[in-house]
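Notes follow once the structure below has been shown.
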Amino acid sequence: MNYAIGIDIGGTKTAIGLIDPTGHVLAKTALPTDHTVSPHVMVDRMAAAIKQMMAEHQVTEADILGIGVGAPGPLNTQKGEITAPPNLKGWWNFPIVESLKRHFDYKVAFENDATAAALAEKWLGAAKDAEHFVFITISTGIGAGIFSHGKLLTGVTGNAGDVGHFVIDPAAGTCVCGQEGCWEYVASGTAIARQATDILGREVTSKEVFALAAEGDQEMKALVDKVFRYIGVGCVTLINTLDPEKLVIGGGVSQIGEPLFAAVRDYVSKHALNPSGRNTPIVPAALLQDAGLIGAAALIHVDYK
Ligand code: ADP
Ligand code: ZN
């Protein structure tokens with residue numbers, strides 16, 4: 001059997017798995033991302049976990065096609081480096097590909113995690129039939145993977161799709177990137193919780209905000225409506241820029257489901273410039289569980305460049 005080793009690096013945990021050419025996860029495990037040790041030590045732990053997993057499942061070196069790695073950006077896929085992700089400060093300028101090659105002789109494919117997730121939606125998810133689409137993740141931040149003309153659009157260093165830093169409302173406040181009112185500063189899960197906490201004067205999560213709005217809390221309902229409108233504004237910008245066949249939306253905040261999709265479709269139907277763009281299908285991501293791992297494995301199993 002030809003397996004891909006998938007590695008999905010995150011700020012809190014790193015998921016590792018063996019994935020077959022149909023996307024089936026044969027085995028998986030997760031390591032806590034330990035910020036007290038050097039990333040080389042984390043890679044040593046990943047390698048040990050991978051070798052153990054292979055032994056447990058009688059997967060030999062000859063069965064492995066390669067290693068796919070998804071990681072948060074900014075990164076540099078030309079150099080094989082994790083450059084400057086805000087949640088992985090100890091990993092800045094870390095040569096992840098070279099570090100993995102200390103342990104394995106396989107091909108290593110390395111992309112931004114949202115880019116990898118877009119490829120997973122093309123491979124097995126909500127965009128199987130699309131040659132032009134954008135996958136948007138609305139979670140702690142906002143990111144995107146862009147698929148155009150049947151290929152991933154990666155940019156020169158693998159950072160294409162950092163749409164979370166489109167400026168949406170310059171009056172809103174200063175984003176981590178230094179600009180005013182970026183999309184993720186006004187519409188991510190973090191942004192929803194921050195704005196509600198300011199209004200209510202107590203700590204709330206974005207999930208609670210949606211629950212309060214659904215129970216009829218007018219202030220929270222107004223906040224949710226504003227956030228949905230901002231999500232619509234960003235989607236219109238993507239449609240006007242890329243003319244995609246569809247938008248696929250995933251990430252924790254998208255779990256709220258139909259109210260979000262209905263609001264975004266409504267906004268797009270009124271404001272996309274091109275009349276056909278106003279009818280762009282906007283659908284939920286299909287891959288929820290193991291999406292990061294399957295995205296990483298897709299970098300090996302799918303021809304994307
Ligand atoms: P990550 O950013 O680490 O990939 P998620 O995609 O789960 O994680 O996104 C986390 C964000 O999504 C948090 O702000 C969280 O409050 C929000 N979130 C998670 N689940 C839900 C839900 N069911 N409804 C609304 N918001 C949610
Ligand atoms: Zn920003």
Side-chain angles (χ1 to χ4, degrees), residues 8-15 30-33 35 70-74 84-88 112-118 120-121 125 135-145 159 161-198 200 203-215 217 220-221 223-225 227-228 230-231 233-234 237 248-264 284-296:
D8 176 33
I9 299 173
T12 53
K13 70 176 173 67
T14 294
L31 302 175
T33 303
H35 294 269
N87 296 332
L88 281 172
N112 178 299
D113 48 13
T115 302
E121 291 293 333
F135 165 79
I136 304 159
T137 172
I138 306 175
S139 42
T140 308
I142 297 183
N159 291 299
D162 266 342
V163 300
H165 301 278
F166 279 166
V167 171
I168 299 281
D169 177 7
T174 309
C175 178
V176 282
C177 75
Q179 295 202 97
E180 305 293 322
C182 291
W183 198 15
E184 73 171 37
Y185 186 81
V186 297
S188 64
T190 312
I192 297 166
R194 186 195 69 242
Q195 293 169 87
T197 298
D198 285 349
L200 298 173
E203 288 281 325
V204 275
T205 65
S206 63
K207 233 171 159 166
E208 280 177 70
V209 174
F210 288 121
L212 287 167
E215 286 162 18
D217 182 315
M220 293 301 101
K221 176 143 189 343
L223 173 60
V224 166
D225 287 346
V227 166
F228 287 170
Y230 284 147
I231 295 173
V233 172
T237 300
V248 178
I249 304 182
V253 172
S254 73
Q255 293 302 303
I256 197 68
E258 199 45 34
L260 182 152
F261 285 88
V264 173
L287 301 171
L288 301 175
Q289 218 183 348
D290 302 329
L293 262 188
I294 292 171

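Whatever order the structure lists them in is the order used to number ligands and atoms, beginning at 1. Hydrogens, waters and symmetry mates are skipped; everything else that's a heavy atom, side chains included, is used.
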Pairs flagged by side chain to side chain donor-acceptor pair (under 3.5 Å) wherever residues 252-262 is involved - sequence neighbours left out: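 Side chain to side chain donor-acceptor pair (under 3.5 Å) check on residues 252-262 returns Glu258-Arg265.
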Short side-chain to backbone donor-acceptor contact, [X] and [Y], under 3.5 Å:
{"X": "Thr115", "Y": "Gly145", "value": "no"}
{"X": "His165", "Y": "Val176", "value": "no"}
{"X": "Ser206", "Y": "Ala193", "value": "no"}

Minimal non-hydrogen separation, Gly181 against Ala172, with atom names: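 Shortest heavy-atom separation between Gly181 and Ala172 comes out as CA-CB, 4.1 Å.
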To the nearest 0.1 Å, how far is [atom] from its closest protein heavy atom, and which atom is that?
{"atom": "atom 3 (O) of ligand 1", "result": "Thr140 OG1, 3.6 Å"}
{"atom": "atom 17 (C) of ligand 1", "result": "Ser206 OG, 3.4 Å"}
{"atom": "atom 9 (O) of ligand 1", "result": "Ser139 CB, 3.1 Å"}
{"atom": "atom 24 (N) of ligand 1", "result": "Lys207 CG, 3.6 Å"}
{"atom": "atom 23 (N) of ligand 1", "result": "Gln255 CB, 3.4 Å"}

Check whether any side-chain heavy atom of [X] sits under 4.5 Å from a side-chain heavy atom of [Y], and report yes or no.
{"X": "Val233", "Y": "Trp183", "value": "no"}
{"X": "Val209", "Y": "Gln195", "value": "no"}
{"X": "Glu121", "Y": "Leu287", "value": "yes"}
{"X": "Ile142", "Y": "Phe166", "value": "no"}
{"X": "Tyr185", "Y": "Arg194", "value": "yes"}
{"X": "Leu88", "Y": "His35", "value": "yes"}

Give the atoms of ligand 1, by number and element, whose distance to some non-hydrogen atom of [X] is under 4.0 Å.
{"X": "Phe210", "answer": "25 (C)"}
{"X": "Gly189", "answer": "14 (O)"}
{"X": "Thr190", "answer": "14 (O)"}

Min N/O separation Gly252 to ligand 1 under 3.5 Å: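 In this structure, Gly252 places an N or O atom under 3.5 Å from an N or O of ligand 1.
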Thr205 touching ligand 1 at heavy-atom level, < 4.0 angstrom: no
Under-2.8 Å protein N/O/S neighbours of the Zn ion (ligand 2), ordered by chain then residue number: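 Checking every protein N, O and S atom gives His165 ND1, Cys175 SG, Cys177 SG, Cys182 SG.
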